[in-house]
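Below is one structure, written out as structure tokens; comments come after it.
Every chain is numbered from 1, with letters handed out A, B, ... down the list of sequences.
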Amino acid sequence: MSVRVRFAPSPTGYLHVGATRAALFNYLFARQKGGKFLLRIEDTDLARSTEESTRSIIDGLTWIGLEPDEPVVFQSANADKHRATAVRLLDEGKAYRDFTPKEEKGDGSVKQAIVERAREKPARSMRDNPYRDLSIEESDARATAGEPFAIRLKVPESGKTQFEDGVFGHQERDYADTEDLVLLRSDGHPLYNLAVVCDDIEMRITDVIRGQDHLTNTHKQILIYEALGVAPPNFAHLPLILAPGGKKLSKRIHGEIVSLTTYRDAGFLAAAFRNFLALLGWSAGEEREIYSMDELVEKFSLAGVHRSSAIFNYEPNNPKRWTDDKAIWMNAEYIRTMPLSELLPLVKTELKSTKLWREEYEEDLLVGGSADAPSIMWRQWFERTVDLIRHRFFTLKDFSQQGRAYFSEDYDFDPPAVDKNLKKIPDLKQWLPELADRFESEFADVGSPYNEQNIEAVVKTFTEEKGTKLGVIMNGARTLLTGVAVGPSMLSVFETLGKERSIQRLKSQIAWS
RNA sequence: GACCGGUUCGUCUAGGGGUCUAGGACACCGCCCUUUCACGGCGGCAACACGGGUUCAAAUCCCGUACCGGUUACCA
């Protein structure tokens, strides 16, 4: 039987990074086994499900490269089948009608009420429901009379559910620890565990890989499989991802740091974030960090998945560490080492979205046009510039922020950089425009091309004349020309910016104002 | 409370009885390179939760304790 797995999120918010990792592991498992990866939207809780969430989930999966192999299944579309299944179990005596009136609770107190009930002493038996053994005649009569009821699974008195978990190993749970779970609400609405089992059967799912928070649900679902007389699929549970405090990383408490779209919007590369996520709670057992999607598919195994939860480390109020250090490093590593040809389109998208993109960057048009300009095509210039500046960047956003001065005349100056490299040395206010004049005279004819070697000679001479250090001039120039204190070799910057732009910016007094 | 699970450097992790004076990565610190730098190179700091066993030998196996997490809904 060929492998079929599914990712089954509920559309009650954006795509969670933990859920994304579960989707990734399902995908890797399926690909490795030559199986299918499916997506099912669990929208049975109509009140909380939104179309916007569904779209956001699908967008997120698409971005990170986990597209399903078959059309998306919406659980709500199968509600009639779920109901029919519940009724069938009722008819077969494997479920019963519970006429206990539904308790109405405010949303906030639900969790608390559960805990309070659970603490009752002595503990209530899971089988003490008075309707569990109601005669069929009376049950039918009350139902016919219009009395509302929920349908509960009639969990056997003694025995235990057990299964071999792909990650956690052998698992068992005594029936006594599992309540007669509700299959169908009194309003006729099918509940999660029933819906999941029905759909997994219908979709012919062979392996269920999901979060550890479903471990107890698995025992309940096995009970449903048994009642239905269907062999359950294989199960594997993934450890949860925790926040720095040690609590489950949740949308409600931790905010947008858990949303996949946050990373896309912050300039993360899908490949890098995927790589990072794969290594959170899984290891191939080798000393290596960088894996392409193909390599992940090849190396993945459930045996390599941890049994302990990993902490997703970040500092909410520290801009430098707004998300996990390793994720940021991974992204930077991809940016500076990936093939330039793969990076260029991503930079193009970033520049387009910030109105910095120029069509010339893809054209074989001469830069400049005057005789003294270096003969270089725009396309070449763009590629070289990206290649030059990528090495100190962390995200794609840096191309439009730190690197803005390379693509626009309208860029900001980093105040600390201005203070340190310009204002601290007042002479620079005269020196830099003088250097511009020097550039104009030294590079006036074709005999002395404006290139790194010649620029270095001119700047050195100039520095000696002024009796200052090379670093003073270079750092000042860098701040004035790029707005920031860090970047590639200043000689490269001069050359990349070109003679005209360099001169113009050296003369500018704007940074001092 | 009950049931289930977990516990190796700050974080992600390697490790299935001897090759562990515990390896790698991120972060941090230092040095080098350099005109600067968040690139690069070299180096450093830093961990087997605790207590009992078993064994010639335990981070690795067993038991207990502590701590942490998950679940315990007519939510998913």
Determine the contact category for [X]: base if any of its heavy atoms lies under 4.0 Å from a base atom, sugar-phosphate if only primed atoms, P, OP1 or OP2 are that close, otherwise nothing.
{"X": "A:Y192", "result": "base"}
{"X": "A:N217", "result": "base"}
{"X": "A:G487", "result": "base"}
{"X": "A:R288", "result": "nothing"}
{"X": "A:E286", "result": "nothing"}
{"X": "A:T178", "result": "nothing"}
{"X": "A:S186", "result": "base"}
{"X": "A:P488", "result": "base"}
{"X": "A:L491", "result": "base"}
{"X": "A:A310", "result": "sugar-phosphate"}
{"X": "A:G211", "result": "nothing"}

From the set [options], return the single nucleotide nearest to any side-chain atom of [X].
{"X": "A:E42", "options": "B:rC26, B:rU71, B:rA76", "result": "B:rA76"}
{"X": "A:K326", "options": "B:rG24, B:rU36, B:rC75", "result": "B:rG24"}
{"X": "A:K102", "options": "B:rC74, B:rG6, B:rA27", "result": "B:rC74"}
{"X": "A:H306", "options": "B:rC39, B:rA38, B:rA14", "result": "B:rA14"}
{"X": "A:K320", "options": "B:rG70, B:rC28, B:rU11", "result": "B:rC28"}
{"X": "A:Q402", "options": "B:rA2, B:rA38, B:rA27", "result": "B:rA38"}

Considering Watson-Crick and G-U wobble pairs with both distances under 3.5 Å, what does [N] pair with?
{"N": "B:rC9", "answer": "none"}
{"N": "B:rA59", "answer": "none"}
{"N": "B:rU34", "answer": "none"}
{"N": "B:rA27", "answer": "none"}
{"N": "B:rC3", "answer": "B:rG70"}
{"N": "B:rU19", "answer": "none"}
{"N": "B:rG64", "answer": "B:rC50"}

Polar side-chain atom of [X] near backbone of [Y] as donor-acceptor pair, under 3.5 Å:
{"X": "A:K299", "Y": "A:A284", "answer": "no"}
{"X": "A:N313", "Y": "A:D324", "answer": "no"}
{"X": "A:N275", "Y": "A:A271", "answer": "no"}

Distance, [atom1] atom - from [M] to [N], rounded to whole angstrom:
{"N": "B:rU7", "M": "B:rC48", "atom1": "P", "value": "15 Å"}
{"N": "B:rU21", "M": "B:rA25", "atom1": "C1'", "value": "22 Å"}
{"N": "B:rC29", "M": "B:rG70", "atom1": "P", "value": "34 Å"}
{"N": "B:rC74", "M": "B:rA66", "atom1": "P", "value": "32 Å"}
{"N": "B:rA59", "M": "B:rG41", "atom1": "C1'", "value": "33 Å"}
{"N": "B:rA76", "M": "B:rG64", "atom1": "P", "value": "38 Å"}
{"N": "B:rU65", "M": "B:rG43", "atom1": "P", "value": "46 Å"}
{"N": "B:rC26", "M": "B:rA2", "atom1": "C1'", "value": "40 Å"}

Side-chain N or O of [X] versus OP1/OP2 of [N]: is the shortest distance under 4.0 Å?
{"X": "A:R185", "N": "B:rC75", "result": "yes"}
{"X": "A:K248", "N": "B:rU71", "result": "yes"}
{"X": "A:R478", "N": "B:rC37", "result": "no"}
{"X": "A:K247", "N": "B:rG69", "result": "yes"}
{"X": "A:S283", "N": "B:rU13", "result": "no"}
{"X": "A:K251", "N": "B:rA76", "result": "no"}
{"X": "A:R336", "N": "B:rG40", "result": "yes"}
{"X": "A:T12", "N": "B:rA76", "result": "no"}

Starting from [atom2] on [N], measure out to [atom1] on [X] and report it in whole angstrom.
{"X": "A:D325", "N": "B:rC12", "atom1": "CG", "atom2": "P", "value": "12 Å"}
{"X": "A:L242", "N": "B:rG10", "atom1": "CG", "atom2": "P", "value": "17 Å"}
{"X": "A:L428", "N": "B:rU36", "atom1": "CG", "atom2": "P", "value": "15 Å"}
{"X": "A:D45", "N": "B:rA73", "atom1": "CG", "atom2": "P", "value": "16 Å"}
{"X": "A:D387", "N": "B:rC39", "atom1": "CG", "atom2": "P", "value": "17 Å"}
{"X": "A:I253", "N": "B:rG69", "atom1": "CD1", "atom2": "C1'", "value": "13 Å"}
{"X": "A:H189", "N": "B:rA73", "atom1": "NE2", "atom2": "P", "value": "18 Å"}
{"X": "A:F394", "N": "B:rC37", "atom1": "CZ", "atom2": "P", "value": "15 Å"}

Consider only side-chain N and O atoms of [X] and [Y], and report whether a donor and an acceptor are under 3.5 Å apart.
{"X": "A:D45", "Y": "A:H189", "result": "no"}
{"X": "A:T216", "Y": "A:R173", "result": "no"}
{"X": "A:S49", "Y": "A:D43", "result": "no"}
{"X": "A:N78", "Y": "A:D199", "result": "yes"}
{"X": "A:N217", "Y": "A:Y192", "result": "no"}

Base B:rU36 to side chain A:S489, donor-acceptor N/O within 3.5 Å cut-off = no

Report yes if a donor N or O on one partner sits less than 3.5 Å from an acceptor N or O on the other, where the partners are the side chain of A:R173 and the base of B:rC4; otherwise report no.
-> no

Which pairs would a plain distance check flag for residues 484-492 of chain A, meaning a side-chain donor or acceptor within less than 3.5 Å of a matching protein atom at least two apart in sequence or in another chain?
{"residue": "A:S489", "atom": "OG", "partner": "A:L491", "partner atom": "N", "Å": "3.3"}
{"residue": "A:S492", "atom": "OG", "partner": "A:E452", "partner atom": "OE2", "Å": "3.1"}

Given RNA chain B, 5'-ward residue of the pair A:V472 and A:L184, judged by closest heavy atom =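 First, find each residue's nearest nucleotide; the 5'-ward one identifies A:V472.
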
Within-4.5 Å side-chain heavy-atom neighbours: A:V196 and A:R210 = yes

